[in-house]
Amino acid sequence: MAMEFQILDVDYVNLNDKPIVRFFGKTEKGESVCVFYEGFKPYFYAAGDNVREALEGEPEVMGIEQVERNIVGHHKPQKVFKITTRNPAKTPDLREKLRAAGMVVYEADILFKYRVMADMNLKGIGWVRTEGDEFANTETVQADKKFTVKKLVPIEKEGNADLKHLAFDLECTSSTGMLPEPRRDPVIMVSIVFSHKFEGKDSMVLSTRKGDGVTSFDSESEMLEEFVKIVRRYDPDIMTGYNCNNFDFPFILDRMYKLDVKPLLGRCLQKRTSHRKIGNISRVNLTGRIVLDSFAIIKKDFSLQRYSLNFVANALLKEQKVDVKHSEIEKFWKGSDEEFRKLAEYCRKDSRLAMDLVLKMKLADKYKALSRVSGALLQDTLDSGETTRIENYMLREFNRKGYVFPCRPDDATAVKRGLGRKEELGGGAVLEPIKGLHSSVVVLDFKSMYPTIIRSFNICPTTKVMPDQEEEAGVKKEDLIVTPSGARFLKTDKKKGIVPGLLENLMSERDAVKKAMKGVKGESKSRELYAKQWALKIMANAMYGYFGYARSKLFDLDIANSITSVGRETIHSTKDVVEKKYGYTIVYGDTDSVFAKLEGMEDMDEMGRISDKIAKYITSNLLGSMELEFEKIFKRFLPLTKKRYAAWKFERTKDGWKESMEMKGIETVRRDWCKLVGETLNVVIETILKKEDVKGAVKYFKAVIDDLLANKIDISKLIITKTMTKAPKYYKGIQPHIELVTKMRARSPADAPGVGDRIEYVIVKGKEMLSKRAEDPSYIKEKGLQIDASYYIDNQLMAPLERIFGAMGITKSELMGGGKQTGLLDILRQGRIEAAEPKILKEIKRDEMTGFLCSKCSKHYPRMPLMGSCGCGGRLNFASANGPAEAVVN
DNA sequence: TATTCGCGGGG
DNA sequence: GTGTACGCGAATA
């Protein structure tokens, strides 16, 4: 009998002194599976003269065999010892023992499940077929199908099994007003939402109080026991919740521990579900299932202003939470039946939103694809970074080519590498932007620059030849490629590097998937292919970083530097060719792109044709698979500094040119800015770029300021929000939103915001310090208070807008009305500005300047206040550590 | 201008 | 479990 399933999780147990590997999975029909595989012996490698002696009499060692393997850094196979052991868990001991004896160990830090998967060529989320199945009569695991198998064979099969999801959410009371703590605060309610009907229901609410639509319990421990039973009966593949990794799981597990409820939420009935917290990150171990925290994934994959459940649900699902403030939970819990019912619906809705985010936003798709490409298990793809995936992917290929893989470095080595990195590792080239507003700029970029450099120069730990290694490698100088940083690699025809080979596979497979996408019909199929090509791209792009990462098993600065040095040289030579051969100015460039100015050109198609021609010519002179291509047109391009610019972009599509704005390094939405800032910034940038109307932009900005001063701006645009994370008394510094809460409590304790609430405030006029002048927007309207216009001008609007206008050569004094405004058009025409020369009196260097100092009362201002003089009426000088000065020089 | 610090999200 | 450990904006030197 045989069976096919998709691998969800793998672990092992020791039975009779032998490891038995367990594969948890799901069949196409939706049955949960657990198969047992026996007979795989743990092993690793060691090199050195005293390996046998060092392991003499070790009961854990089953065999030591001398074998030949390739080792990174050598060009001929080396004699190493393959050490076979009894128990994977004992490997670290043996490893350290060998190291203490001066031996070098290999592959002695690979998790046993990954050792097995790599050798059997099995991948996370990959499909597998079993052979020699025998029914396993065991109650140690929970699954629809349980078998002991003789063999597991990977199979090529597209599509994904239908996974069962369970979302849950807790409500707790708090005895302190701070976040509830499991050591003293109880769970009062648990909501559960099912992706597939469970006993006829799609959701449940459990609680220790009775109410409509709620399953009630006499005690918290009975409720938690039932929660465990429901999970087991429903048997989900994926458990989710919003911030469940950091709150709901740790909380409920700690409560179970305290109340003596067995936390058996996984598919193994012998392994308790546990959580471990390191730093701020907590991870949950659910054997046979997967924990997917929708908050964690959304934070990684979506760029939003805020990540509260309500904000995210609004932005992504157009839904909102039931309206209950955190501070009201306890009130509703103890309140009327109606209030309790509302709390239950609030709780249910939170689970439903967490579930909808996962299912409707397809949060797991990308990660499934990454697992299938890299081989890492889905849980690891979700929780850990690129390292796990790259190492899984590389290990397999290195082993196939007869290499043993190095171990990861110890902390001391990693720290040393990290320190050395800064001076020794060069990054990409960033060309100095030519200041001013530019028109008719085309952007050309190198397709997958670092992967193609690695391929074209055959850069790999297996092809690197050190100065004294020519003889060992059996090569001559002409067999080597030298990179600009001076490292030497074997040419491809001598020996193809493993990493270049992997990249070639990743990139050609991606091309094939993209081709297949064109002919595909059906939304789910095309989504799957899209995720696959995305994963292939991510894996290819991650390869470079791995060589420069301090904890990498293949850390090699020669390699990292070789890759970036080729990149830098390529950018500079591309700039030369475009400028000298074609006569166009490069106005900017960063790592893998150059921005060329096609002076005076208007016609998009014409600009596209010229770009294509240039790109094609340059590509023809590049090595190997490196390729320059036309990417987009910036009809207007306004650089502020390196890595920061605004542009009016046109992209070529099959239906003509698609227009949009592109901002790099310029935020128009920040949570500590009021709406007015973003709005003003957007209008100003658009006016400059689209209408080329700098005067208009200045005029608009001045009008905003006039409106502010005249109290004509709607208060809603001036609201700043901040969360109160703890009770006011625990704040050490004085902060506006906390001062406001204190005031609001004095006015009306019942309506004042509580811990965890977001506080909205507006700064009003007054004599007190700024923090004391934060006010509640509705209170302002009610009492007709005046807003503090100069605060909004100096502390909110000025800095970001000054940067934009500064890039156009407009100084603050010109902006604020006093200065001359002639010359703006000249600036535009020239596309270049010079900094104004300051008059020299008593001077300090620019970087010495700390702000402004009143000559009368010595008050210090970090930034020039709006009125241009001190509040006391005194004149302002420049301030520095060496005292005041009248001028600043560069 | 670089580096360290603090806090998000959950109740 | 043959383990590993966030990330960005603000404040500060």
Side-chain angles (χ1 to χ4, degrees), chain A residues 11-14 19 42-45 60 83 85 87-96 105-116 169-182 185-189 241-252 271 274 276-283 285 287 293-296 298-300 303-304 306-312 324-330 333 343 346-347 350 354 380 383-385 387-388 391 407-408 411 414 422 551 641 667 670-673 722-723 725-726 733 754-758 846-847 850 862 881:
Chain A
D11 74 350
Y12 78 94
V13 284
N14 273 316
Y43 68 89
F44 64 96
Y45 299 92
E60 289 300 329
I83 297 150
T85 68
N87 178 358
K90 294 293 175 7
T91 305
D93 294 343
L94 299 174
R95 178 180 74 207
E96 295 316 318
V105 288
Y106 298 91
E107 303 186 10
D109 55 5
I110 295 164
L111 297 187
F112 188 56
K113 62 188 176 192
Y114 281 132
R115 169 84 281 161
V116 175
D169 179 54
L170 309 181
E171 305 304 328
C172 321
T173 54
S174 166
S175 49
T176 57
M178 314 240 291
L179 256 185
E181 276 190 38
D185 299 316
V187 176
I188 56 170
M189 196 179 272
Y242 201 76
N243 202 24
C244 61
N245 274 343
N246 268 308
F247 184 77
D248 303 82
F249 266 117
F251 201 101
I252 202 168
K271 269 195 189 172
S274 62
R276 291 179 71 186
K277 189 171 182 177
I278 281 135
N280 206 19
I281 301 299
S282 167
R283 282 241 247 146
N285 202 321
T287 307
D293 183 340
S294 38
F295 164 67
I298 284 165
K299 205 162 50 143
K300 272 197 273 191
S303 177
L304 303 171
R306 296 202 281 115
Y307 293 92
S308 63
L309 179 55
N310 199 41
F311 190 93
V312 167
V324 176
K325 285 190 189 143
H326 290 136
S327 48
E328 291 173 329
I329 290 171
E330 191 151 357
W333 165 244
L343 182 63
Y346 166 83
C347 186
D350 280 6
D380 291 331
D383 292 343
S384 34
T387 324
T388 316
E391 282 173 1
C407 291
R408 77 178 59 83
D411 281 357
K422 193 172 46 183
R551 293 195 183 279
T641 57
E667 304 133 298
R670 263 172 55 168
R671 63 175 79 174
D672 52 342
W673 284 352
K722 257 192 151 185
T723 308
T725 53
K726 49 197 172 186
V755 175
D757 288 340
R758 291 195 72 80
R846 172 145 307 197
D847 53 12
T850 60

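Naming: A, B, ... by sequence-line order, numbering from 1 per chain. Basis for what follows: all heavy atoms, side chains included, without hydrogens, waters or symmetry-related copies.
In the set C/dT4, C/dT2, C/dG1, the nucleotide with an atom closest to the side chain of A/K113 is C/dG1. Of the candidates B/dG10, C/dT2, C/dG3, the closest approach to any side-chain atom of A/R283 belongs to C/dG3. Nearest nucleotide to the side chain of A/I281, out of B/dG11, C/dC6, C/dA5: C/dC6. Distances were taken from every side-chain heavy atom of A/Y307 (C-beta onward) to each of C/dA5, B/dG9, C/dT2; the shortest belongs to B/dG9. Residue A/Y242 has its side chain nearest to B/dG9 when only C/dT4, C/dT2, B/dG9 are considered.
Among the atoms of the strands shown, only primed sugar atoms or phosphate atoms (P, OP1, OP2) are found under 4.0 Å from some heavy atom of A/N285. At a threshold of 4.0 angstrom between heavy atoms, the contacts of A/Y43 include nucleobase atoms, whether or not backbone atoms are also involved. The residue A/I110 sits close to a base: some heavy atom pair falls under 4.0 Å. Within 4.0 Å of A/E107, counting heavy atoms only, lies at least one base atom of the nucleic acid. Among the heavy atoms of the strands, none lies under 4.0 Å from A/D293. Using a 4.0 Å heavy-atom cutoff across all strands shown, A/P88 reaches at least one base atom of the nucleic acid. Using a 4.0 Å heavy-atom distance criterion, A/S308 is classed as a sugar-phosphate-only contact. Note on A/D169: only backbone sugar-phosphate atoms sit closer than 4.0 angstrom, heavy atoms only; bases stay farther off. No contact: A/F44 has no heavy atom under 4.0 Å from any strand. Note on A/L170: only backbone sugar-phosphate atoms sit closer than 4.0 angstrom, heavy atoms only; bases stay farther off.
Judged by atom type and distance alone, A/R408 does not reach the base of C/dT4 through any side-chain donor-acceptor pair under 3.5 Å.
Look at CZ on A/F295: it is 14 Å from C1' on B/dG11, rounded to the nearest Å. The distance from atom CZ of A/R306 to atom P of B/dG9 is 7 Å, rounded to the nearest whole Å. In this structure, A/D380 atom CG and C/dG3 atom C1' are separated by 9 Å, rounded to whole Å. Distance A/N243 CG to B/dG10 C1': 4 Å, rounded to the nearest Å. Rounded to a whole Å, the OH atom of A/Y346 is 9 Å from the C1' atom of B/dG10. Summarising the geometry, the separation between CE on A/M178 and C1' on B/dC7 is reported as 14 Å, rounded to the nearest angstrom. The CG-C1' distance, from A/D11 to C/dG3, rounds to 15 Å in whole Å. Rounded to an integer number of Å, the gap from A/L94 CG to C/dG1 C1' is 15 Å.
A/Y45 contributes atom OH, which lies 10.5 Å from atom CD1 of A/I83 (distance to the nearest 0.5 angstrom).
Note on A/Y12: a side-chain N or O is less than 4.0 Å away from OP1 or OP2 of C/dT2. When the side-chain nitrogen and oxygen atoms of A/K299 are compared with OP1 and OP2 of C/dC6, none of them lie within a distance under 4.0 Å. The side chain of A/R551 contributes an N or O atom lying less than 4.0 Å from OP1 or OP2 of C/dA5. Proximity of A/R95 to the phosphate of C/dG3: a side-chain N or O atom is located under 4.0 Å from OP1 or OP2.
In this structure, the side chains of A/P180 and A/T173 stay at 4.5 Å or more apart for every pair of heavy atoms. When side chains are defined from C-beta on, A/I188 does not count as touching A/E330, because their heavy atoms never get closer than 4.5 Å. Proximity of A/F249 to A/R283: side-chain heavy atoms (C-beta onward) are nowhere separated by under 4.5 Å. At a threshold of 4.5 Å between non-hydrogen side-chain atoms, the residues A/D11 and A/K271 count as touching. With a 4.5 Å cut-off on side-chain heavy atoms, A/T91 and A/F112 do not count as touching.
Checking A/S384 against A/K300, the closest nucleotide of DNA chain C that is more toward the 5' end is the one next to A/S384.
Remark: of the listed residues A/R95, A/K90, A/E96, A/R95 is the sole one forming a side chain to side chain contact (heavy atoms under 4.5 Å, CB included) with A/P92.
Straight-line distance between the C1' atoms of C/dG1 and C/dA5: roughly 15 Å, to the nearest whole Å. On the P atoms, C/dC8 is 24 Å away from B/dG11, given to the nearest whole Å.
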